[in-house]
Amino acid sequence: MNNVSLEGRLTKDPELKGTDEKPVCDMRLAVNGVGNSPTCFIDVAAFGELAADAAELAKGQGIKVEGSLRYSEWQTQTEPPQRRSRHSVVARRVVVTA
C-alpha cells in the first residue's frame, strides 16, 4: 500500500497549471526533521478539484497532506547526460493546520 502523511509549511505560493478540465497545483512543503535531522523539502502535486482548492493556499501556511509517494527518473540535456531522480507526493487530501 502506498500511503504517505506529511505535515509542514508551504515554502512558496502554490502554482496552478493545466486546463480547466485537468487542473494541477504544484506545491513545495517544508517538513521539520526529527532530532538532529535536517528539514525535508517535499514536492506535492494535487489534481482536479483538490488542485483548485489548494491553489487558494499561501506561502507559510501550515498544511497536512495525505497521498501517495511517486518516483520519477530522467536524464539531463547536458554533456555528458546525467541521471536524475526524485520522490514527490500526489495528494489525495490537503488540510490547513495552522
Side-chain angles (χ1 to χ4, degrees):
M1 189 183 282
N2 185 354
N3 287 316
V4 64
S5 179
L6 300 167
E7 190 170 334
R9 294 200 175 275
L10 292 171
T11 63
K12 62 180 184 173
D13 289 337
E15 296 179 31
L16 186 61
K17 301 176 184 175
T19 64
D20 288 341
E21 289 126 21
K22 293 186 179 185
V24 178
C25 184
D26 291 324
M27 300 173 275
R28 190 147 174 92
L29 189 64
V31 178
N32 288 337
V34 177
N36 291 334
S37 40
T39 299
C40 291
F41 297 93
I42 310 292
D43 293 320
V44 179
F47 296 90
E49 194 174 307
L50 183 57
D53 292 342
E56 300 296 317
L57 300 172
K59 176 182 176 177
Q61 263 188 302
I63 62 171
K64 181 176 181 181
V65 175
E66 295 173 6
S68 57
L69 195 59
R70 177 174 60 182
Y71 178 75
S72 55
E73 290 183 290
W74 68 94
Q75 282 195 346
T76 64
Q77 299 298 318
T78 61
E79 282 299 324
Q82 297 177 343
R83 271 178 79 177
R84 303 279 189 208
S85 64
R86 76 174 185 168
H87 286 89
S88 59
V89 172
V90 176
R92 284 191 292 268
R93 184 171 178 228
V94 176
V95 178
V96 175
T97 56

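What you see is a predicted model, and the numbers here were worked out from it, not measured in a lab.
Clustering ILVMFWY residues whenever any of their side-chain heavy atoms sit less than 4.5 angstrom apart, transitively, puts Phe47 in a cluster other than the one holding Val65. At a threshold of 4.5 Å between side-chain heavy atoms, the hydrophobic network of Ile, Leu, Val, Met, Phe, Trp and Tyr places Val44 and Leu50 in one connected group.
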Evaluation steps, side chain to side chain contact (heavy atoms under 4.5 Å, CB included), between Thr11 and Leu29: CA-CA 6 Å; Thr11 63; Leu29 189 64; over 6 Å; no
Evaluation steps, side chain to side chain contact (heavy atoms under 4.5 Å, CB included), between Cys25 and Met27: CA-CA 7 Å; Cys25 184; Met27 300 173 275; 4.1 Å; yes
Test log, rule side chain to side chain contact (heavy atoms under 4.5 Å, CB included), inputs Val94 and Leu57: CA-CA 10 Å; Val94 176; Leu57 300 172; 4.0 Å; yes
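Taking CZ from Arg84 and CD from Gln75, the interatomic distance works out to 11.0 Å, rounded to the nearest 0.5 Å. For the atom pair Leu16 CG and Glu56 CD, the distance stands at 9.0 Å (nearest 0.5 Å). Distance check: Arg9 CZ to Asn32 CG gives 9.0 Å after rounding to the nearest 0.5 Å. Note: Ser88 OG to Ile42 CD1 = 9.0 Å, rounded to the nearest 0.5 Å. Atoms CZ and CD1, on Arg93 and Ile63 in that order, are 12.0 Å from each other to the nearest 0.5 Å.
In terms of heavy atoms, Tyr71 sits closest to Ser85 at OH-CB, 3.2 Å. Glu7 approaches Val31 most closely through the heavy-atom pair O-CG1, 3.7 Å. Here the shortest heavy-atom pairing between Ser5 and Glu66 reads OG-CG, 4.0 Å. The shortest non-hydrogen separation linking Arg70 to Ala45 is NH2-CB, 4.1 Å. Scanning all heavy atoms of the two residues, the minimum distance from Arg86 to Asp43 falls at NH1-OD2, 2.8 Å. Of all heavy-atom pairs spanning Pro14 and Leu10, the tightest one is CG-CD1, 4.0 Å.
Atom CD of Gln77 has 12 or fewer neighbouring heavy atoms from other residues, nucleotides or ligands inside a 6.0 Å radius.
The closest donor-acceptor contact from the side chain of Asp26 to the backbone of Glu15 lies at 3.5 Å or more, if one exists at all. No donor-acceptor pair closer than 3.5 Å links the side chain of Thr39 to the backbone N or O of Ala30.
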